[in-house]
Amino acid sequence: MNYFIETIGCQMNMCESDKLGLALSTYGASKVNILQEANIVILNTCSVRAQSEQKAFSFLGRAEEFKQDNPNTKIVVIGCMAERIGSKIKRRFKSVDLIVGSKDIDNAALKIADLCNLYDSSFNKIEDSQNIVRYVTIMRGCDNYCSYCVVPFVRGRETSLNALDILKESSLLVKNGVKEIMLLGQNVNSYRYKDFNFTSLVKNLATINGLERIRFMTNHPKDLSDELIEMMATESKVCSHIHLPMQSASNKILKAMNRKYSYEHYIDLVKKLRIAVPDISITTDIIVGFPGETKEDFEETFKAVKEIRFGGLYVFRYSPRPNTKAANMPDNVPLEEKKRRHRLILEESNKISIEIVASMVGSVQQVLAEKIENGVIEARTRGGRKVFVKGSSEKDLGRHLNVSIKEAKINSLFGNII
């Protein structure tokens, strides 16, 4: 049996798809990269934005057409959208054979095995040597209830996973060639399991021999502690990069979003991080066109983007999500104005990114080699910048390389090993 997984959404979805694929391999199934070669077609869905759901519907339309010519194909829909509107998906796409919501995601492999009569071969492969960077989920769900966000409704209440299991899983990954681990949660800063908080979990992870780098996301500003900032400054394995969603610089809008912090608190965190870790790259999320956002509110956010100079950002046009408080607020920012604000933020962010990468030309950057294709290594700096290096070989994978930067583009650097 061959399976194909299409993943829409965040890094946590990617992590869950990877784990599902690994579990399916224990049943003797093989992964393929082309839908047309699959006997089992799996769609891992996202409900955070309307655009993500439209993307899922589009994919299911293509999968349904494929199944008409290949009736023995099984179509499986999993994840947040499956949790939120699983019955609607089944009514709209009669060809879907199985729906598994995000709250039951751990049982997805077993349900797919039952559907397809797969046999458990007890094949205990953890990872192959090509996987230099892997995601590890440390918590599920969310208790923050930001007024625009559907995550608490589709993933449930916040639950921190067993710290000893996380450390065991990470150790197994490292033994099988992984060099960098990204810890994932909706709000990693609120992680707590018995005597472990997030900082102590990271410190214990850093003791694993052979693990080179540690990253984590997402960080909620209201829970980012001085203890964690200090640990980032002193623990050499923790990368000098943090994703810290701001969403808005208007206190009025932050309150309406139920973010539970002020812009002043956010900018104080930025200052603390840059003092503790001078070369840190801070990336962020921003929503424009939130209900009630005036031109003055937007100008505050635009000014903050210019002054903070983020290492990169994701900017989204607000779209109402069912069951959220914001869905009951008047969506009073016209679409064309949302597009204009989106464009302005993106243009300013791109301008800043170009200036940042241009300043790195002529420098030597230490990178971790993650992938190789056609003799070109794809690597990443500690700050999260992608670096491409020609003339490399398989032996360079998983190694730290010193690269002289010769050229810069908006999100990438190019150079030579020295």
Side-chain angles (χ1 to χ4, degrees), residues 1-128 130-131 134-135 137 140 150 154-155 322 371 373:
M1 280 281 192
N2 294 335
Y3 67 91
F4 173 87
I5 301 182
E6 176 77 3
T7 304
I8 299 171
C10 64
Q11 284 86 352
M12 189 168 290
N13 276 20
M14 294 169 64
C15 179
E16 288 169 347
S17 290
D18 288 345
K19 288 187 175 181
L20 175 58
L22 180 61
L24 289 176
S25 73
T26 69
Y27 291 95
S30 299
K31 183 179 180 179
V32 294
N33 296 319
I34 300 174
L35 182 149
Q36 288 74 15
E37 296 178 356
N39 310 109
I40 309 166
V41 177
I42 304 165
L43 173 63
N44 192 353
T45 59
C46 174
S47 273
V48 172
R49 293 174 183 83
Q51 186 178 11
S52 298
E53 295 194 347
Q54 290 302 318
K55 190 174 180 180
F57 285 137
S58 178
F59 177 84
L60 285 174
R62 297 195 302 273
E64 194 164 56
E65 289 179 5
F66 173 67
K67 186 169 181 174
Q68 289 174 359
D69 297 326
N70 302 271
N72 293 327
T73 302
K74 303 297 184 183
I75 299 178
V76 180
V77 182
I78 67 174
C80 293
M81 189 174 165
E83 183 73 40
R84 192 179 79 79
I85 54 168
S87 57
K88 178 181 177 180
I89 293 171
K90 196 72 178 71
R91 288 195 303 269
R92 180 169 172 178
F93 298 94
K94 305 296 184 184
S95 59
V96 171
D97 299 282
L98 177 65
I99 303 281
V100 184
S102 53
K103 295 176 183 176
D104 197 27
I105 200 78
D106 289 339
N107 295 316
L110 180 60
K111 291 186 175 185
I112 293 170
D114 288 342
L115 173 70
C116 302
N117 297 314
L118 300 178
Y119 171 70
D120 186 353
S121 61
S122 298
F123 178 55
N124 293 319
K125 179 181 178 183
I126 301 298
E127 291 290 341
D128 62 56
Q130 293 296 307
N131 289 293
R134 299 305 299 157
Y135 300 129
T137 299
R140 293 203 172 100
V150 75
V154 296
R155 287 192 175 269
K371 303 174 185 176
E373 186 174 350

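Just so it is clear, the values below take in all heavy atoms, side chains as well, and ignore hydrogens, waters and symmetry mates.
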Please walk me through it: do Val100 and Asn107 pass side-chain contact (heavy atoms from CB on, under 4.5 Å)?
CA-CA 8 Å; Val100 184; Asn107 295 316; 5.8 Å; no
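- Between Lys111 and Asp104, the closest side-chain pair of non-hydrogen atoms falls below 4.5 Å.
- Between the side chain of Asn44 and the backbone N or O of Asn13 there is at least one donor-acceptor pair closer than 3.5 Å.
- Atom NZ of Lys55 has 12 or fewer neighbouring heavy atoms from other residues, nucleotides or ligands inside a 6.0 Å radius.
- Nearest heavy atoms, Cys116 versus Met1: O-CE, 3.9 Å.
- Distance check: Leu110 CG to Leu24 CG gives 10.5 Å after rounding to the nearest 0.5 Å.
- Panel note: side chain Lys74, backbone Ile40; no donor-acceptor pair is recorded below 3.5 Å.
- Ser25 places a side-chain N or O within 3.5 Å of a backbone atom of Leu22 that can act as its donor or acceptor partner.
- Taking all atoms of both residues into account, the shortest heavy-atom contact from Ser47 to Val150 is O-CG1, 3.2 Å.
- Checked by atom type and distance alone, the side chain of Ser95 never pairs as donor or acceptor with a backbone atom of Glu64 at under 3.5 Å.
- Remark: Ile89 CD1 to Ile99 CD1 distance equals 5.0 Å, nearest 0.5 Å.
- A distance of 10.5 Å separates CG of Asn33 from CD1 of Ile5, quoted to the nearest 0.5 Å.
- Note: Ser17 OG to Glu6 CD = 9.0 Å, rounded to the nearest 0.5 Å.
- The heavy-atom pair separating Val32 from Phe4 by the smallest distance is O-CD1, 3.5 Å.
- Looking at Leu35 and Val41, their side chains come closer than 4.5 Å, going by heavy atoms from C-beta outward.
- The backbone N or O of Ile75 lies less than 3.5 Å from a partner atom in the side chain of Asp97, making a donor-acceptor pair.
- Under the 3.5 Å distance criterion, the side-chain polar atoms of Thr45 are matched with a main-chain donor or acceptor of Ile78.
- Counting non-hydrogen atoms of other residues, nucleotides and ligands closer than 6.0 Å to CD of Gln51 gives a total of 12 or fewer.
- Remark: the backbone N or O of Met12 is not paired with any side-chain donor or acceptor of Tyr135 at under 3.5 angstrom.
- Taking CD1 of Ile105 as the reference point, atom CZ of Arg140 lies at 8.0 Å (rounded to 0.5 Å).
- In this structure, CG in Leu20 is found 7.5 Å from OH in Tyr3, a value given to the nearest 0.5 Å.
- Taking every heavy atom of both residues into account, Val154 and Glu83 meet most closely at O-CG, 3.3 Å.
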Given the rule in the salt bridge (Lys or Arg N to Asp or Glu O under 4.0 Å) test, do Glu16 and Arg155 qualify, once you have shown the distances and angles that lead to the verdict?
CA-CA 13 Å; Glu16 288 169 347; Arg155 287 192 175 269; 3.0 Å; yes
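- The shortest distance between side-chain heavy atoms of Asn72 and Asn39 does not fall below 4.5 Å.
- Looking only at distances, no side-chain donor or acceptor of Glu37 sits under 3.5 Å from a matching main-chain atom of Asn2.
- When all heavy atoms are compared, the tightest approach of Ala109 to Tyr27 is O-CE1, 4.3 Å.
- Put simply, the side chain of Asn70 gets close to the backbone of Phe66: a donor and an acceptor are under 3.5 Å apart.
- For the residue pair Gly9 and Cys46, the shortest heavy atom distance occurs at CA-CB, 3.8 Å.
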